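Written out below as structure tokens is the structure these notes cover.
Treat the numbers as computed from the prediction; the structure is a model and nothing was measured.
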Amino acid sequence: MPSHPRFPVLARVLPTLALALSLAACATQPPVDTAPPLSGLSSTYTDPYAWLENANAPDALAWVAQQNARTLAELTRDAPLADFTTTATLLAQEASDEGGSGALPSGGAVDGKDPAVTTIDGVRHVYAGSNCFGTLDPDAPPPAPGAEPVVVGRTCLVSLSRTGEDAVEVREYDPAAKAYVPGGFHLPYAKQTVVWLDHDTLLVARGWDSSGTAMTRAGYPYVVKVLQRGQRLEEAHEIFRGLVTDTSVSPAVFRDRQGHRAIVLVRRPTYFTTEHYLVEGRRTLRLGLPPLAELAVLANGQLVVKLGQDWQAATGRTFPGGSYVSVDLDAARHEPAKLRAAPVYLPGPHEAVTNLVKAKSHLVVTSDENVRGRLTVLTRADGGWKAQRLDLPDMSAISIKSSSEDKDKLTVSVAGFLTPQALWSVDLDSAAATLVKAGTPGFDASPYTVDQWQAISTDGTAIPYFIVHRKDMALNSDNPTLLTAYGGFNLSRLPAYSATIGKLWLDRGGVYVVANIRGGGEFGPAWHEAALKTHRQKSFDDFTAVARDLISRQVTQPARLGISGGSNGGLLMGVALTQHPDLWGAVAIKVPLLDMLRYEAIAAGASWVAEYGSVSVPEERAFLASISPYQRLDPTRTYPETLIMTATHDDRVGPGHARKFAARMEALGKPVLFYESDEGGHGTRGLDDAARARGPALELAYFTSRLMGRRTDHAAGGQVVAGAAD
């Protein structure tokens, strides 16, 4: 669940304010909310704001226009919003130039760069990625005996989204000709997974009705078919069908240099659990892997599996969750239910593996140890794998930028809070890393430092967090501080470079804090599982503990403390707001889940039951009711002003949560600002540089005006007095 919405160009929006207000006057106005704070628990309760769940309904969009106009007008008056937008856009362009991002040229050229924008048949599309079949190297060595022939030249399947949604159109593209392949594969717009079986055959999971919308209740495909070149969709041959109650079903094809190939169908009964099936001719063989497992690569005839839980293999050995193990492909074909396994990489007690890729004769693992990136080279030796860790900068996030199965070299990206992305070349034979290109700083980081502190949660668990601050920071409780976290779906918050945070927050006197709370993946599967379903209050308590730790260390105080989070992090912010409104001076809630009693019925919400629980289970419903921010808004409580941001085309969480929460706050007389973008979907995929910059600019302008506009006069007994924002 990616995290940040984006917003229209300020210059484009401001001239439309009068029109927006006139449209809003025609909208269906929400009734006054006079219900008690827990009215949502009643089985007879009718949600007065349910009409806002319809993303594109005219009355809902008119309400959005009115809210957008009010928010822009207020932030333009209270903060240098135009300056923030200009600065953020310039920083985004510089970062884009540094990283090689760019727009698709006319005709839709695919160059391997970051997502970009093109126009097809008069419709603006977002290039969302590609996968290619064949090789560009005419001098590549011949395949091993029995291997598939090497295709000289390459065509790619390009995914194109209209507005950055999860739904995409898929077209076949020829990079050499810089054009779409005439008569090539072309799959209409839908949520779909498409992989090459061979150059003339695809495996496709999608909705197979005429509209492409016959999906699971969670909104994803569950039928896989084989599509031959030249066939119409209705002529495709079905090979697997899951259940409408599943989360999804998708195909995958794994190959290695030795000529082995594994055709795999991945059925997800829930968001996290999987069933893996090998396709052998007309048969499908279910592999005896545990429910929490993911196939990573095929190397030397061995399927490498990432375990999300402890697993006892057929050999009797138990492997811990978070490990990589290998299973022999031929043996799996003969005894798919009784799999023997061997260790590939077993992480340490404070380590979480994040990725594994294969090179010509090595495997490479990235991991996080105490939330700090690590890179390990694995070499086959004596029937096992010898591990050698590389020396790379500490307090950083490490990711593999590029790798090839034809080489024993790869490029990795290393970035920290104060160090922009740098590219390192890694020679896997010598396990040596060489700096190739240092990133260009977007701000002067010399006055700042990064510390890793920890807070103690309510149950005694130590919760680490990063704090970025001036080296000479005064512990006077008066530092404007921005705290963020995620805490869900086994996803980790790692050190990340943001010139926008540096320039528009740190350079203005702010402190930046990232908390590594439970529910995330910072310390492996157990860290995630600790906050699942009815245990999720632990995640919320962890976040509160970090806030209280910052206050007790005299870094900041509630009037100076702002919090921000998106998607699942938006739920976290909503809970923080409703459970502890006195702790925050400002709150930003982005593309959030907020109505937890209806989340299963909104957009793709049904796919997250394994994370949050279901209202159909009495115990889980009771817990969801106890924390659901939408229902927990209390007319009698005082809340800090809250900024709520979402996107009209978010087809994952949907804008309804954010809209309804803002409408209810407004009806209860609580201070709220709302902004909804008409660009992008749930995240930033495919947005141009200017569009990427608008959301952070709006958010930081809000925090600057609310947290930096006043200073505490300690000599006057702690009273807050007026002061300049800058």
Taking the ring of Phe254 and the ring of His260, is the distance between their centroids below 6.0 Å?
no

Please evaluate residues Lys358 and Glu405 with respect to the criterion salt bridge (Lys or Arg N to Asp or Glu O under 4.0 Å), reporting the C-alpha separation (whole Å), side-chain torsions for both, the decisive distance (0.1 Å), and the verdict.
CA-CA 6 Å; Lys358 59 178 178 177; Glu405 296 180 38; 3.4 Å; yes

Under 4.5 Å between any side-chain heavy atoms of Ser616 and Arg621, yes or no?
no

Is there side-chain contact between Lys533 and Tyr612, with heavy atoms separated by less than 4.5 Å?
no

Tell me, please, which residues at least two apart from Arg598 pass side-chain hydrogen bond (donor to acceptor under 3.5 Å, both in side chains).
Glu53

Closest heavy-atom contact between Ala262 and Leu303?
CB-CD2, 4.2 Å

When rounded to the nearest 0.5 angstrom, what is the spacing between OH in Tyr630 and CG in Leu597?
10.5 Å

Over 60° means perpendicular and under 30° means parallel, so classify the ring planes of His199 and Trp196, tilted if in between.
parallel

On a heavy-atom basis, which atom in Arg493 and which in Thr484 lie closest, and how many Å separate them?
NH1-OG1, 3.2 Å

Indicate yes or no: at least one non-hydrogen side-chain atom of Arg261 is less than 4.5 angstrom from one of Val253.
yes

Is the shortest heavy-atom distance from the side chain of Phe661 to the side chain of Ile589 under 4.5 Å?
yes

Are Phe543 and Tyr486 near enough that their ring centres are under 6.0 Å apart?
no

So, applying side-chain contact (heavy atoms from CB on, under 4.5 Å) with Arg206, which one of Thr193, Val194, Leu233, Val224 is it?
Leu233

Under the side-chain contact (heavy atoms from CB on, under 4.5 Å) rule, what do Ser250 and Arg267 come out as? Steps first, then yes or no, please.
CA-CA 7 Å; Ser250 59; Arg267 177 188 174 213; over 6 Å; no

Taking the side chain as every heavy atom from C-beta outward, state whether Leu278 and Leu329 have any atom pair closer than 4.5 Å.
yes

Hey, is Asp368 close enough to Arg374 for a salt bridge, meaning N to O under 4.0 Å?
no

Using a 6.0 Å distance limit plus a 45 degree cone around the ring axis, check whether Lys191 lies over the aromatic ring of Tyr220.
yes

Hey, what's the ring geometry for Tyr277 with Phe240, parallel, tilted or perpendicular (30° and 60° as the breaks)?
tilted

